[in-house]
Amino acid sequence: LYLDHSREIGSPEYNPLNPDVLLRDDLRTYKTAAERDSVRNMTERHKSATNLTLSNVRKERVGKSALKPHFYDLENFAFSYAYSRERTSDDETEFYNKDQHRGGFTYSFAMQPKPVKPFDKVKLFSGNNWKIIKDFNFYYQPKNLSFSTEIYRDYEETLLRNKSAALVIIKPTYFKQFTWQRTYGLQYDLSRTLHLQYSATANARVDEPIGPIQSQSATDSIWRSIAQGGTMQNFQQMINASYELPINKLPYMDFLRVPLSYRTTFNYQGTTQALAAMGGVLQSSTTMQASATANMTTLYNKIPILKKAN
């Protein structure tokens, strides 16, 4: 937990609206306190900032929960939130308001599943010739699950001062950024020789109306965008799979190793709101590999004459 608040007030020696005159001398020319306060408000620099951070808030595993974890345990989650607020005004800027929110959580659960061997204790498959069946195994649980999400909101509002004698209409300007990032991860060993990994990252933009959010319809449009997961700006996913053929389980073939691997990726690159009509960019790739190795020493040891020579 981190919290801080600061406030700054800067009073110039000379009046920024009339740089040749000392500010204290210029204030004496006004008859009422309201007029002097108005000039001070326009010439002094005021800045206040507030920051609040909650980082990695989580519940530690203690007692029985540490001995036997479950995928639904609260200890699998970690929460973070940060808020930053800034208010500034000076002789150039009537007001500058900035609010930033960043919040999210992560979920991670690691398991140590034991393999299931349905034929391991079957006497019929006890010989070496039936090793390919006896050693058959599978896992009914994944090895690791992970998910994280983070929402970032930046809202800035600026209004410049009218420093001329003319009637100039100056309206506030706005800068808004609303993004939503999500990551996914899965590691699943289907068996001792078949491994699967999946990972994905999604970066989305939460659309909102132009200008200040001052109406119910504007608020509803933001919630609709959130409910739809936002507008996808970038999406990446990857799948890795590896498998070792059980050819070494066959009689007299234990000197061979045949590993296989498969990898595929998919990328989507979105565009800005101004260029939405141009669409996005899609990319994908797939790689498959296969190899074979032979341990000749193991092979020679199966032949009596060569075994003696070895």
Q: Salt-bridged, Lys131 to Asp254, with N to O below 4.0 Å?
A: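 No salt bridge links Lys131 with Asp254.
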Q: Between Arg58 and Asn76, does a side chain to side chain contact (heavy atoms under 4.5 Å, CB included) hold up when you go through it step by step?
A: CA-CA 8 Å; Arg58 59 183 302 167; Asn76 300 327; over 6 Å; no
Q: Would a hydrophobic clustering, with Ile, Leu, Val, Met, Phe, Trp and Tyr connected at side-chain separations under 4.5 Å, put Ile226 with Phe105?
A: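 Different hydrophobic clusters.
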Q: With sequence neighbours excluded, what pairs up with Arg87 under the salt bridge (charged side-chain N to carboxylate O under 4.0 Å, His left out) test?
A: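 By the salt bridge (charged side-chain N to carboxylate O under 4.0 Å, His left out) rule, Arg87 matches Asp99.
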Q: Determine whether Leu194 and Leu260 fall in the same hydrophobic cluster, where Ile, Leu, Val, Met, Phe, Trp and Tyr are linked whenever their side-chain heavy atoms lie under 4.5 Å apart.
A: yes
Q: At their closest point, which heavy atom of Leu159 faces which heavy atom of Pro172, and how far apart are they?
A: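 Looking at all heavy atoms of both residues, the closest pair is CD1-N, 3.7 Å.
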Q: Starting at CZ of Phe255, measure out to CG of Asn295 and round the result to the nearest 0.5 Å.
A: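 Phe255 atom CZ to Asn295 atom CG measures 9.5 Å (nearest 0.5 Å).
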Q: Please examine the side chains of Leu256 and Thr293, heavy atoms only from C-beta on, and report whether any two atoms are closer than 4.5 Å.
A: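 Of all side-chain heavy-atom pairs linking Leu256 with Thr293, none is under 4.5 Å.
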Q: If we ignore angles and hydrogens, is there a donor and acceptor under 3.5 Å between the side chains of Ser215 and Ser217?
A: yes
Q: Would you check, one step at a time, whether the test side-chain hydrogen bond (donor to acceptor under 3.5 Å, both in side chains) holds for His46 with Glu44?
A: CA-CA 6 Å; His46 295 260; Glu44 291 181 342; 3.2 Å; yes
Q: Quick one: side-chain hydrogen bond (donor to acceptor under 3.5 Å, both in side chains) pairs with a partner in residues 202-213, sequence neighbours left out?
A: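 Listed by first then second residue: Arg153-Glu208, Arg205-Asp207, Arg205-Gln233, Asp207-Thr231, Asp207-Gln273.
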Q: Minimum heavy-atom separation for Met232 to Ala202, with atom names?
A: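 Shortest heavy-atom contact: SD-CB, 3.9 Å.
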Q: Just wondering, more than 12 heavy atoms not from Phe71 lying within 6.0 Å of its CZ?
A: no
Q: I'd like to know if the side chain of Asn162 reaches the main chain of Ile170, judged simply by a donor and an acceptor atom lying under 3.5 Å from each other, with no hydrogens or angles considered.
A: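 No.
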Q: Measure across Asp189 and Leu196 and return the closest heavy-atom pair with its distance rounded to 0.1 Å.
A: OD1-N, 4.5 Å
Q: Give a yes or no answer on whether the side chain of Ser225 reaches the backbone of Ile222 with a donor-acceptor pair at less than 3.5 Å.
A: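 It does not hold such a pair.
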Q: With ring-ring contact (aromatic ring centres under 6.0 Å, His included) as the rule and sequence neighbours excluded, what pairs involving residues 200-243 come up?
A: none
Q: Do Ser199 side-chain atoms and Tyr184 backbone N/O form a donor-acceptor pair below 3.5 Å?
A: no
Q: Excluding sequence neighbours, so at least two apart, what forms salt bridge (charged side-chain N to carboxylate O under 4.0 Å, His left out) with Arg45?
A: Glu8
Q: Keeping the roles fixed (side chain from Asn234, backbone from Thr201), state whether a donor-acceptor pair exists under 3.5 Å.
A: no
Q: Measure the CD-OH distance between Glu156 and Tyr174 for me, rounded to the nearest 0.5 Å.
A: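 Spacing of CD (Glu156) from OH (Tyr174) equals 13.0 Å.
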Q: Does the side-chain hydrogen bond (donor to acceptor under 3.5 Å, both in side chains) test come out yes or no for Glu150 and Ser148, once each step is laid out?
A: CA-CA 7 Å; Glu150 182 181 70; Ser148 67; over 6 Å; no
Q: For residues Lys176 and Gly211, report the shortest heavy-atom separation together with the two atoms involved.
A: NZ-O, 2.7 Å
Q: Less than 4.5 Å apart, any side-chain heavy atom of Leu186 and any of Pro142?
A: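 Of all side-chain heavy-atom pairs linking Pro142 with Leu186, at least one is under 4.5 Å.
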Q: Kindly determine whether Thr93 and Thr88 satisfy side chain to side chain contact (heavy atoms under 4.5 Å, CB included), including the steps that lead there.
A: CA-CA 8 Å; Thr93 306; Thr88 303; over 6 Å; no
Q: Please list all pairs passing the salt bridge (charged side-chain N to carboxylate O under 4.0 Å, His left out) test where one or both residues lie in residues 233-244, with sequence neighbours left out.
A: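 As it turns out, the salt bridge (charged side-chain N to carboxylate O under 4.0 Å, His left out) pairs with a partner in residues 233-244, which skip direct neighbours, are Glu244-Arg257.
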Q: Could you verify whether a donor N or O on one side chain and an acceptor N or O on the other, from Ser80 and Asn56, lie under 3.5 Å apart?
A: no
Q: Mind checking the CD-OG spacing from Gln237 to Ser284? Nearest 0.5 Å is all I need.
A: 10.0 Å
Q: About how many Å separate OH of Tyr262 and CE of Met288, when rounded to the nearest 0.5 Å?
A: 7.0 Å
Q: If I compare all heavy atoms of Pro118 with all of Val116, which pair ends up nearest, and what's the gap?
A: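 Shortest heavy-atom contact: CD-O, 3.4 Å.
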Q: Are the side chain of Arg161 and the backbone of Asp90 linked by a donor-acceptor contact shorter than 3.5 Å?
A: yes
Q: Do Tyr2 side-chain atoms and Ala82 backbone N/O form a donor-acceptor pair below 3.5 Å?
A: no
Q: Kindly assign one of parallel, tilted or perpendicular to the pair Phe77 and Phe79, based on the angle between their ring planes and the thresholds 30° and 60°.
A: parallel
Q: Does Tyr14 belong to the same Ile/Leu/Val/Met/Phe/Trp/Tyr cluster as Ile9, with side-chain heavy atoms less than 4.5 Å apart forming each link?
A: no
Q: Could you see if Ile133 belongs to whatever hydrophobic cluster contains Leu124? Use Ile, Leu, Val, Met, Phe, Trp, Tyr and a side-chain cutoff under 4.5 Å.
A: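 Hydrophobic grouping puts Ile133 with Leu124.
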Q: Considering residues, nucleotides and ligands other than Phe175, do more than 12 of their heavy atoms fall under 6.0 Å from its CZ?
A: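 Enclosed: over 12 neighbouring heavy atoms sit under 6.0 Å from CZ of Phe175.
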Q: Which pair of non-hydrogen atoms, one from Ile247 and one from Met253, has the smallest distance, and what is that distance?
A: O-CB, 3.2 Å
Q: Provide the full list of side-chain hydrogen bond (donor to acceptor under 3.5 Å, both in side chains) pairs with a residue in residues 107-126, sequence neighbours left out, each pair given once.
A: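 Passing the test, one end in residues 107-126: no pairs.
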Q: With Gln100 as reference, evaluate Tyr152, Tyr83, Tyr155 under the side chain to side chain donor-acceptor pair (under 3.5 Å) test and give the passing residue.
A: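 The single option meeting the side chain to side chain donor-acceptor pair (under 3.5 Å) with Gln100 is Tyr152.
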Q: Any side-chain heavy-atom pair from Glu75 and Pro69 closer than 4.5 angstrom?
A: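 Not touching, per the 4.5 Å side-chain cut-off.
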Q: Looking at CG of Asp4 and OG of Ser6, how far apart are the two atoms once the value is rounded to the nearest 0.5 Å?
A: 6.0 Å
Q: Say whether, by atom type as modelled, one donor and one acceptor occur between the side chain of His5 and the main chain of Leu3 under 3.5 angstrom.
A: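 Checked: no pair found.
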Q: Decide side-chain hydrogen bond (donor to acceptor under 3.5 Å, both in side chains) for Asn137 and Ser191; before the verdict, give the C-alpha distance in whole Å, the side-chain angles of both, and the deciding distance to 0.1 Å.
A: CA-CA 6 Å; Asn137 63 88; Ser191 69; 4.5 Å; no
Q: Following the transitive rule for hydrophobic clusters with a side-chain heavy-atom cut-off under 4.5 Å over Ile, Leu, Val, Met, Phe, Trp and Tyr, establish whether Phe266 and Met238 coincide in one cluster.
A: no
Q: How long is the gap from OG1 on Thr265 to CG on Asn267, to the nearest 0.5 Å?
A: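 Answer rounded to 0.5 Å: 5.5 Å.
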